[in-house]
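Side chains are part of it too, since the values below use all heavy atoms of this structure and drop only hydrogens, waters and symmetry mates.
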Amino acid sequence: MFPDYQAEILKEDAGQKYRPSNGMEGDLFMSEYCWRCQLETHCTIPGKTALYQIEEDDYPAQWQIGSDGQPTCTEFLKRKDSF
């Protein structure tokens, strides 16, 4: 999702909560994870990311920076019919 140079910088933030910086970034993230996930119709994570600030305890820890510096969702379960 992020260019390699940006992901390289974010590797030091691995494990920290992730919040898209704008609507376009949020759409890209959700198209990569939420809309391809088996849990999509029952998942409360996207709603909580809109409801809470990243500093709040109730902000989902499942959205985080991965070890490769890319944002990820640790609950993601790819649907068999997704690309």
Side-chain angles (χ1 to χ4, degrees):
M1 190 171 119
F2 290 139
D4 291 341
Y5 72 90
Q6 189 173 3
E8 189 64 36
I9 294 167
L10 290 173
K11 283 182 180 180
E12 63 190 45
D13 295 332
Q16 292 186 25
K17 294 178 183 178
Y18 163 74
R19 182 177 194 136
S21 62
N22 56 49
M24 174 65 91
E25 188 176 317
D27 283 346
L28 289 170
F29 181 85
M30 291 182 73
S31 68
E32 180 69 25
Y33 292 100
C34 303
W35 301 333
R36 297 176 45 223
C37 185
Q38 294 176 29
L39 307 173
E40 176 188 13
T41 57
H42 305 289
C43 187
T44 61
I45 296 170
K48 287 181 179 181
T49 63
L51 189 61
Y52 298 104
Q53 296 299 313
I54 197 168
E55 305 84 18
E56 294 181 274
D57 291 337
D58 289 328
Y59 188 90
Q62 295 91 335
W63 282 18
Q64 59 182 251
I65 301 297
S67 60
D68 62 355
Q70 296 289 350
T72 190
C73 178
T74 60
E75 295 292 311
F76 177 68
L77 297 171
K78 185 177 177 182
R79 287 192 329 249
K80 293 180 193 309
D81 65 345
S82 71
F83 51 94

Is [Y] reachable from [X] through a run of I, L, V, M, F, W or Y residues, each pair having side-chain heavy atoms under 4.5 Å apart?
X	Y	answer
M30	L28	yes
I65	M1	yes
Y33	W35	yes

Counterpart residues, salt bridge (Lys or Arg N to Asp or Glu O under 4.0 Å), relative to R79 (two or more places apart):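 With neighbours one apart ignored, the set is E40, D81.
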Under 3.5 Å: donor-acceptor pair, side chain of E56, backbone of Q53: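 Yes.
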More than 12 heavy atoms of other groups within 6.0 Å of K48 NZ: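 At most 12 heavy atoms, drawn from other residues, nucleotides or ligands, come within 6.0 Å of this atom.
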Greater than 12 external heavy atoms within 6.0 Å of N22's CG: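 Enclosed: over 12 neighbouring heavy atoms sit under 6.0 Å from CG of N22.
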[X] [atom1] to [Y] [atom2] distance, which is reported to the nearest 0.5 Å:
X	Y	atom1	atom2	answer
E75	Q38	CD	CD	12.0 Å
T74	I45	OG1	CD1	6.5 Å
T49	K17	OG1	NZ	11.5 Å

Shortest non-hydrogen contact from [X] to [Y]?
X	Y	answer
G69	L10	O-CB, 3.4 Å
E25	P20	OE2-CA, 3.5 Å
C37	F76	CB-CD1, 3.8 Å

Plane angle bin for Y18 and F29 - parallel if under 30°, tilted between 30 and 60°, otherwise perpendicular: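 Answer is tilted, since the angle falls between 30° and 60°.
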Residue pairs, two or more places apart or on separate chains, that pass side-chain hydrogen bond (donor to acceptor under 3.5 Å, both in side chains) and touch residues 57-67: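 Pairs touching residues 57-67 that pass the test: none.
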